[in-house]
Student: 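Sharing a structure here in structure tokens format.
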Amino acid sequence: MLQRPRRNRKSPAIRNLVREVSLCAKDLIYPLFVHEDAEDVAIASMPGCTRWSIEGLVKEAGEAHALGVPAVVIFPAVPEEKKNSTGDESYNPHGLIPRALKALKSAHPTLCVITDVALDPYNSDGHDGIVQVRSDGEVEILNDETLEVLCKQALSHAAAGADIVSPSDMMDGRVGALREALDAAGFADVSILSYTAKYASAYYGPFRGALDSAPKAGDKKTYQMDYANVREAIREVILDEDEGADMVMVKPAGAYLDIIAKLRENTMLPIAAYQVSGEYLMIKSAADAGWLDEKAIVLESLTAIKRAGADLILTYYAKQVAKWEREA
Ligand code: PBG
């Protein structure tokens, strides 16, 4: 036998030499939840995750950063009484996210802080855009009216020190609108990480529980993508590039590895992938029940996302992976 592929697998040293991709804490973005309360509260729908006070958030982000995680993305849990149909709280310069941003950036100047741009945490209808109920009772999400609010939201984040704003709303034209608004206000240095191919997915269920942000009526299928589609993701990446996105994202990640690979062939921009709350919960719940080896599954699932072509990964396991890396 001339060909014996097993020779390249015969020892850990050789396996490491021929390993094609590696997972590193420096590629990870840690999503964190923040609320107005002074207490840190465990999230029932996402065991192991917490709704942090601003103080708790600063501490948790600092620990992750010290372990080698370069970036966090922050999501607000907004009290019901601050929500309205136009999501005005989303651009309050003294709102939760601007205050959290300032606290994070002053405590950890080298930490990259990313904010989510979308209306769902602030909107009494629980949609990413402004809702209009049609005469037939159907829920319509207004695109162009929403863009104006998203721009104000992004500007409030930029003013408070965001390094990157990340539109997750899937409105048409939002990357171009944000780029123009940021540049006009003197924030040419603020980057845009676009949720380019964000699918209408049942994997977001636990996240909506974490923020109490589920849509009150209808679903998100008129703006998030149909999970049966591939070419549509390429169309979205072409548009986002044209509109000035700095990085693009595929979400969810694990069930969409083909989409990551396709985008890799179709863009030179860095690609992020989001291992979302449902992916996290499937691993966590099976591990907590003793049915799966948590560390092995997490490392395999994240490495697979990198192998598919992702440069960066958003994962609730970011801090844990950094810890494992230190121990290794
Ligand atoms: C909201 C947003 C969602 C997530 C990130 N930003 C939920 C949604 O679109 O309904 C999901 C993240 C996760 O499930 O971990 N714009």
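Nothing fancy with the numbering, it's 1 onward along the sequence. In each ligand, atom 1 is the first atom listed, and ligand 1 is the first ligand listed. If you're wondering where the values come from, they're calculated on a predicted model, not measured in any experiment.
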Student: Mind checking whether Lys251 has a heavy atom under 4.0 Å from ligand 1?
Tutor: yes
Student: What part of Asp116 sits under 4.0 Å from ligand 1 if we count only heavy atoms: the side chain, the backbone, both or neither?
Tutor: side chain
Student: Going by distance alone, is a donor N or O of one side chain under 3.5 Å from an acceptor N or O of the other, for Ser90 and Gln153?
Tutor: no
Student: Could you tell me if the ring centre of Phe75 sits under 6.0 Å from that of Phe207?
Tutor: yes
Student: Return the set of residues passing side chain to side chain donor-acceptor pair (under 3.5 Å) with Asp288 (not counting sequence neighbours), or none when no residue passes.
Tutor: none
Student: Checking contacts here: is it the side chain or the backbone of Ser168 that comes within 4.0 Å of ligand 1, counting heavy atoms only? Could be both or neither.
Tutor: both
Student: Against ligand 1, does Asp169 come closer than 4.0 Å with any heavy atom?
Tutor: no
Student: According to ring pair (Phe, Tyr, Trp, His ring centres under 6.0 Å), who are the partners of Tyr256, at least two apart in sequence or on a separate chain?
Tutor: Tyr199
Student: Given 3.5 Å as the limit, does a donor-acceptor pair link the side chain of Thr303 with the main chain of Glu300, or not?
Tutor: no
Student: Say whether Lys198, considering both its backbone and side-chain N or O atoms, lies within less than 3.5 Å of an N or O atom on ligand 1.
Tutor: yes
Student: Please report whether ligand 1 has a polar contact with Gln224, defined as an N or O pair separated by less than 3.5 Å (distance criterion only).
Tutor: yes
Student: Taking heavy atoms and a distance under 4.0 Å, where does Tyr280 meet ligand 1: side chain, backbone, both or neither?
Tutor: neither
